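Read the structure below first, then the notes.
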Amino acid sequence: MTAAEATMRALRLVEPGRPVEEQLVERPEPGPGEVLVRVGAAGICRSDAHYRAGTAPAGPLPLTLGHEVAGTVVETGPGTRRPGEGERVCLHYLDTCGTCPACASGREQFCDEATMLGKSRPGGWAEYVRVPARNAVPIPESTSFAHAAVMMCSTATSYHALRRARLEAGDRVAVFGAGGLGLSAVQLARAGGALEVLAVDVREPPLEIARQLGARPVQGGEDAAARIRAATGGRGVDVAVEVAGRRTTVRAALEALAPMGRVAVAGIFAGGVDVRPYAELIGREAELIGVSDHLLSEIPDLLEWEEHGVLRMDPVVRRTVPLEADAVNGALDRLEELEAEGRAVIVP
Ligand SMILES: [Zn+2]
Ligand SMILES: [Zn+2]
């Protein structure tokens with residue numbers, strides 16, 4: 001192997017608070033039970049902006065970021081049976097032990113030994129990435145790498161949120177935040193049989209996209225809950241999905257609930273939220289539910305829906321950028337300014 005083949009380009013977080021840097025690093029080799037994947041696409045996520053800013057931990061540094069990844073298997077480690085070389089795959093970002101009590105009970109997101117691609121182990125903002133073979137899920141021929149990559153985080157989280165909220169056919173649903181997660185949540189709620197889906201945002205362009213995807217747009221802001229009540233004949237919603245990551249939208253979601261309603265909170269923000277226990281929870285038997293990550297077992301559902309056109313990723317993935325530090329730092333800046341509409345995806 002020549003020196004050029006043994007290295008690869010990677011975008012790495014060197015120090016929180018500083019731009020990510022392009023570095024030449026050693027190209028990884030797959031160990032037993034692992035595969036080496038040539039990256040076809042890697043999403044740029046709000047979490048990455050948090051890692052860069054130091055508002056969420058990532059490391060040990062320097063670390064190649066990128067937890068939303070799809071590509072082609074180019075090498076398999078000893079004892080790896082599937083997927084095989086040449087297979088197109090998307091990557092589940094949590095590498096869990098598989099045997100601890102959390103893993104054994106199907107709650108793998110609480111595995112104490114879990115590592116996460118692009119957060120605590122080298123991720124996909126590189127030419128190649130090494131992962132356990134079981135994390136590499138084959139994707140349909142018609143599914144693009146960019147679409148598969150973004151399904152690995154925002155779409156999967158949205159799906160997990162709806163499952164946590166126990167969405168049932170005939171439910172009225174409000175989705176707070178019509179960005180990458182929200183536009184997935186709108187479509188998945190419809191696929192799950194929602195009677196109607198209201199998309200709530202303060203920005204006009206994402207609301208228009210949500211409308212095209214079958215949601216009823218509701219202007220966000222101070223009176224959002226009242227507008228939702230008015231739009232539902234005073235009933236309120238059975239399920240609220242909060243992906244905007246704001247104190248005010250969690251409040252609006254609580255206020256917009258029907259009796260027995262459930263709020264699934266997946267948006268992250270610092271600080272607290274006031275809850276009036278009787279009026280908002282006890283008296284309505286309402287639930288406020290946390291949503292953490294998603295499960296490997298949820299990924300095949302998403303791939304199938306995308307293949308059959310129930311889930312459209314083109315409105316979610318808005319643009320691609322090259323594997324270059326300037327372009328990616330620029331995309332992260334836009335996420336921090338909350339300007340971004342939909343997702344930017346790195347295509348090396
Ligand atoms: Zn993400
Ligand atoms: Zn475990």
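All values derive from a computational prediction rather than experimental measurement. Remember, it's 1-based here, ligands and their atoms both numbered in the order they're listed. Throughout, numbering of the chain's residues begins at 1 and tracks the sequence.
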Give the C-alpha distance, both sets of side-chain angles, the deciding distance and a yes or no for side-chain contact (heavy atoms from CB on, under 4.5 Å) between V173 and V237. CA-CA 6 Å; V173 179; V237 292; 6.0 Å; no

Which angle, to 10 degrees, forms at the Zn ion (ligand 1) with NE2 of H67 on one side and OE2 of E68 on the other? 110°

Looking only at the side chains, is there a donor atom on one of S292 and Q109 sitting less than 3.5 Å from an acceptor on the other? no

Using the Zn ion (ligand 2) as the apex, give the angle to atoms SG (C103) and SG (C111), rounded to 10 degrees. 110°

Under a 3.5 Å distance rule, please check whether E208 uses its side chain to pair with a backbone N or O of E204 as donor and acceptor. no

Look at the N, O or S atoms of D48, main chain and side chain alike, and state whether any lies under 2.8 Å from the Zn ion (ligand 1). no

Going by the salt bridge (Lys or Arg N to Asp or Glu O under 4.0 Å) test, name the single residue among R172, R190, R235 that passes it with E196. R172

